[in-house]
Number of protein chains: 2
Amino acid sequence: MCGMDHVDKILTQWQRERPDLDVAPMGTLGRVKRLHQCLMRRMDQTWAVYGLNDSSFDVLATLRREGAPYALSPSDLMASTMVTSGTMTHRLQQLEKAGLIERVKNPADGRGFLISLSEKGLALIDEAVAAHVATQAELVSGLSDEQRVQLDELLKQFLAGLEST
Amino acid sequence: MCGMDHVDKILTQWQRERPDLDVAPMGTLGRVKRLHQCLMRRMDQTWAVYGLNDSSFDVLATLRREGAPYALSPSDLMASTMVTSGTMTHRLQQLEKAGLIERVKNPADGRGFLISLSEKGLALIDEAVAAHVATQAELVSGLSDEQRVQLDELLKQFLAGLEST
DNA sequence: TTTGAATACCTTGATATCAAGGTATCTGGT
DNA sequence: ACCAGATACCTTGATATCAAGGTATTCAAA
């Protein structure tokens, strides 16, 4: 428990240079950032096997877990994935070009569309998500089940405090 | 403790659609991702006050906490910030254009440079980092000190397991 | 000394993202 | 029926990022 990791070294530097600042929160947030970066890099490798990346996987998975008939509007997808409309437009263009989704005009609302998984998209995401889950299991294997649950609860409370504001 | 957050809803959907998969790790990693997104957005607002963003703050802060004479090579900066050489080249171009850093040829190695904080850059980062620390204190205020320390330890162990590989 | 491998950094080309603004469509009040 | 405001989505322009490859310099072994 005495090992200095990368973040600890940063905090030590700040303490020397700016002893007026309380940098304890910086340690926590720094580790969240670094952890996110590491995790994304590993998961990217799995997605790449299926010709996907974070973005495309995100959209296909959102449609897939919705259940049959695997269809949502672009607005629904924007809300679920927390990206802007321009970003979603771009993601959908790529996925449509790849034949993984289909888009039809929403018969009930002339302004909108419905995006649905193609047969090919459904097959792909079903395979990819299984591999993804396996990768994730490996990534958390450094923690005991008990620790993972404890981490879950802390993250959940942290998020609750942030998202309420 | 019974509230379903966004991530819980996603897990519930997957359990219905793919009961064959163990999605517990997905919950943890999903929260890390979402937390990172929320935190970055808030911190960006503080950086913007000083005309900075994640990238530029990262470089200036790395130089600042190094201590006088606030100088590192691009390679050192790449290692500290975990970005590729192309990214660092771009960041340094922007910062140089803004007059926040200065670059001189390394007299000891004709291949390399030394990047140092300009007077303006030093003054700016000293102000910005104080504001940044205040923002971070606010961001973690949803957790008790005890919880924050507990989270720290879990994150540290998680990272240790990942970065060793 | 010479030369091949390693290193330091930059360039290029492709993606992903956002903010701001545009157009078409819907909705509710008059 | 009409119109104003809300909504759904796309477009534009600017940034940030990476992977792959290029050039100049250093280092180390023969």
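Since the structure is predicted, the reported quantities are computational estimates derived from the model, not experimental observations. Just so we're on the same page: letters track the sequence lines, and every chain starts at 1.
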Trainee: Ignoring backbone atoms, establish whether B:Arg41 has a side-chain N or O less than 4.0 Å from OP1 or OP2 of C:dT17.
Mentor: no
Trainee: Taking the nucleotide of DNA chain D with the nearest heavy atom to each, does A:Gln37 or A:Ser73 sit closer to the 5' end?
Mentor: A:Ser73
Trainee: State which residue, out of B:Lys33, B:Arg34, B:His36, fulfils the side chain to side chain donor-acceptor pair (under 3.5 Å) condition with A:His36.
Mentor: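 Checked B:Lys33, B:Arg34, B:His36 against A:His36; only one passes side chain to side chain donor-acceptor pair (under 3.5 Å): B:His36.
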Trainee: Does B:Arg91 make a side-chain N or O approach to OP1 or OP2 of D:dT15 shorter than 4.0 Å?
Mentor: no
Trainee: Does a side-chain N or O from A:Thr87 land closer than 4.0 Å to OP1 or OP2 of C:dT17, or not?
Mentor: no
Trainee: Is any side-chain heavy atom of A:Val129 closer than 4.5 Å to one of B:Trp14?
Mentor: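 Yes - at least one pair of side-chain heavy atoms lies under 4.5 Å apart.
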Trainee: Can you sort out which residues in residues 43-54 of chain A have a heavy atom within less than 4.0 Å of DNA chain D? Ascending by number, please.
Mentor: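 Under 4.0 Å from DNA chain D: no residue of residues 43-54 of chain A.
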Trainee: Any side-chain heavy atom of A:Gln147 sitting closer than 4.5 Å to one from A:Leu151?
Mentor: no
Trainee: Please step through side chain to side chain contact (heavy atoms under 4.5 Å, CB included) for the pair A:Leu92 and A:Leu77, ending with a clear verdict.
Mentor: CA-CA 10 Å; A:Leu92 295 176; A:Leu77 288 168; 4.1 Å; yes
Trainee: Can you give one letter per nucleotide of nucleotides 20-26 of chain C, going 5' to 3': B for a protein heavy atom under 4.0 Å from the base, S for sugar-phosphate only, - for none?
Mentor: -----BS
Trainee: Is there a side-chain contact between A:Phe158 and A:Leu162, using heavy atoms and a 4.5 Å cut-off?
Mentor: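 A side-chain contact exists here, since the closest heavy-atom pair is under 4.5 Å.
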Trainee: With a 4.0 Å cut-off on heavy atoms, is A:Ser55 in touch with a base, just the backbone sugar-phosphate, or nothing at all?
Mentor: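 Sugar-phosphate, backbone atoms only, no base.
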Trainee: So, for B:Met88 and B:Pro74, which heavy atoms are closest and what is the spacing to 0.1 Å?
Mentor: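 Residues B:Met88 and B:Pro74, closest heavy atoms: CG-O, 4.0 Å.
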Trainee: Which whole-number value in Å describes the distance from B:Ile115 CD1 to C:dC10 C1'?
Mentor: 12 Å
Trainee: Taking the side chain as every heavy atom from C-beta outward, state whether A:Arg18 and A:Val23 have any atom pair closer than 4.5 Å.
Mentor: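 A side-chain contact is absent here, since even the closest heavy-atom pair is not under 4.5 Å.
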Trainee: How many Å lie between NE2 on A:His90 and P on C:dA14, as a whole number?
Mentor: 13 Å
Trainee: Measure the shortest side-chain to side-chain distance between A:Lys120 and A:Leu100 over non-hydrogen atoms and say whether it is less than 4.5 angstrom.
Mentor: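 Sidechains of A:Leu100 and A:Lys120: in contact.
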Trainee: Choose from D:dA16, C:dA16, D:dC10 the nucleotide whose nearest atom is closest to any side-chain atom of B:Gln94.
Mentor: D:dA16
Trainee: In whole angstrom, give the distance that lies between atom CZ of B:Phe113 and atom P of C:dT7.
Mentor: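 In whole Å, C:dT7 P lies 19 Å from B:Phe113 CZ.
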Trainee: Could you state the CE-C1' distance from B:Met88 to C:dT12, rounded to the nearest angstrom?
Mentor: 19 Å
Trainee: Of all heavy-atom pairs between A:Leu60 and A:Ile101, which one has the smallest distance, and what is that distance?
Mentor: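 The answer is CD2-CG2, 3.8 Å.
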Trainee: Please check the phosphate of D:dC10 (OP1 and OP2 only) for any side-chain N or O of A:Gln93 closer than 4.0 Å.
Mentor: no
